[in-house]
There are 2 protein chains.
Amino acid sequence: MEEMQALTALSAISEQTRLRMLRFLVARGPDGASAGEIGQAVGSSSSRSSFHLSALTRAGLLSSEKQSRQVIYRADLQAVGALLNYLVEDCCGGHPRIVECCQPKNCC
Amino acid sequence: MEEMQALTALSAISEQTRLRMLRFLVARGPDGASAGEIGQAVGSSSSRSSFHLSALTRAGLLSSEKQSRQVIYRADLQAVGALLNYLVEDCCGGHPRIVECCQPKNCC
DNA sequence: TCAACACCTCAAGAGATATTGAAATATGGA
DNA sequence: TCCATATTTCAATATCTCTTGAGGTGTTGA
């Protein structure tokens, strides 16, 4: 992953509404959710949701698919993983103390 | 880690100069580096460096210590690790595909 | 065809953040 | 004491970013 790409993804998730959207969609799994449902889940208006969802999509963290009236968004786990990998490897040089923190149920 | 704290840390590193400063300081290890040296390493003026270093410090990602004329900054690995842990655990629910990406030399 | 629905786009305004250069503080050495 | 060094602070400006509300597109079903 390129630095520029990582910066775009980081700014995308450094906003409350968007971080919550991402969390919601990761929890949702492969089914994803419609724009309306996501907006409702995180408590944001339709135009605001659209704005934030497209920011996340532009950052590559979500994929979207039109299904008749609705637009279904899904978290792109590959992209989220690549961002974390960038932080761990490129930014932190794979430092053991950092890697350790990414293990489930044992950290910090 | 609280959501608010994570958001602060994420915005802190979602800026090129600051991401580079963090990377430089993680690489530097426990010795840290002076404000001037960091600024030189990432190519930013003295007032700009000061501004960004204090943003990173406020976000809890760096610690600083005055040594006579200089101020030595160090990366706080605990804090960086806690941020990554927050992303992996709280945001991604410890999803295996995400955790896997944080392992050294095997991913994405 | 029409109304309701789901979503997106746009423009305006507010607010936050970054950059610059100048000036302030504080330390160390001649 | 005086000057150079290291860093921070400040004000002005520029630049993003977020929010809101109005309006647009396309789809579904009566």
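Every chain is numbered from 1 and lettered A, B, ... according to where its sequence line falls, protein lines coming before strand lines.
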Subject >> Interatomic distance, B:Glu65 CD vs D:dA6 C1' [rounded to whole Å] >> reply: 15 Å
Original post:
Is any side-chain N or O of B:Ser34 closer than 4.0 Å to OP1 or OP2 of D:dT7?
Top reply: yes
Original post:
Looking at CG of A:Leu56 and CD1 of A:Ile38, how far apart are the two atoms once the value is rounded to the nearest 0.5 Å?
Top reply: 9.0 Å
Subject >> Euclidean distance, atom CG of residue A:Leu56 to atom C1' of C:dC8 [Å, nearest integer] >> reply: 16 Å
**OP:** Please determine, for the side chain of B:Val71, which listed nucleotide (C:dT19, D:dT8, C:dT9) has the closest atom?
**Re:** D:dT8
Original post:
With a 4.5 Å limit on heavy-atom distance, are the side chains of A:Gln78 and B:Arg97 in contact?
Top reply: yes
Original post:
How close do A:Ile13 and B:Leu10 get, heavy atom to heavy atom, and via which atoms?
Top reply: O-CD1, 3.5 Å
**OP:** Measure the spacing between CG of B:Leu53 and OH of B:Tyr73 and express it to the nearest 0.5 Å.
**Re:** 5.0 Å
**OP:** Please say whether more than 12 non-hydrogen atoms of neighbouring residues, nucleotides or ligands are located less than 6.0 Å from CD in B:Glu65.
**Re:** yes
**OP:** Could you check B:Thr17 against A:Tyr73 and say which one's nearest nucleotide on DNA chain C is further toward the 5' end?
**Re:** A:Tyr73
Subject >> Gap between atoms CZ and C1', on A:Arg18 and D:dT19 respectively (whole Å) >> reply: 12 Å
Original post:
Between A:His52 and D:dT17, does any side-chain N or O lie under 4.0 Å from OP1 or OP2?
Top reply: no
**OP:** Could you tell me the separation between the CZ atom of B:Phe51 and the P atom of D:dA12, rounded to a whole number of Å?
**Re:** 17 Å
Original post:
If you check every side-chain atom of B:Ala35, which of D:dT8, C:dA18, C:dC8 has the closest atom?
Top reply: D:dT8
Original post:
How does protein contact run along nucleotides 20-30 of chain C, one letter per nucleotide 5' to 3', with B for base contact, S for sugar-phosphate only, - for none, heavy atoms under 4.0 Å?
Top reply: BBB----BS--
Original post:
Atom CD1 of A:Ile38 and atom C1' of C:dA6: how far apart are they, to the nearest Å?
Top reply: 13 Å
**OP:** Output the distance between atom CE (A:Met21) and atom CD (A:Gln16), rounded to the nearest 0.5 Å.
**Re:** 11.5 Å
Original post:
Given atom CG of A:Leu7 and atom P of D:dT17, what is their separation to the nearest angstrom?
Top reply: 12 Å
Original post:
Rounded to the nearest 0.5 Å, what separation is found between the NE2 atom of B:His95 and the SG atom of B:Cys101?
Top reply: 10.5 Å
Subject >> Comparing B:Gly36 and A:Ser11 on DNA chain D - which has the more 5′ nearest nucleotide >> reply: B:Gly36
**OP:** Round to the nearest Å and state the distance from A:Gln70 atom CD to C:dC7 atom C1'.
**Re:** 10 Å
Subject >> Interatomic distance, A:Gln40 CD vs C:dC7 C1' [rounded to whole Å] >> reply: 14 Å
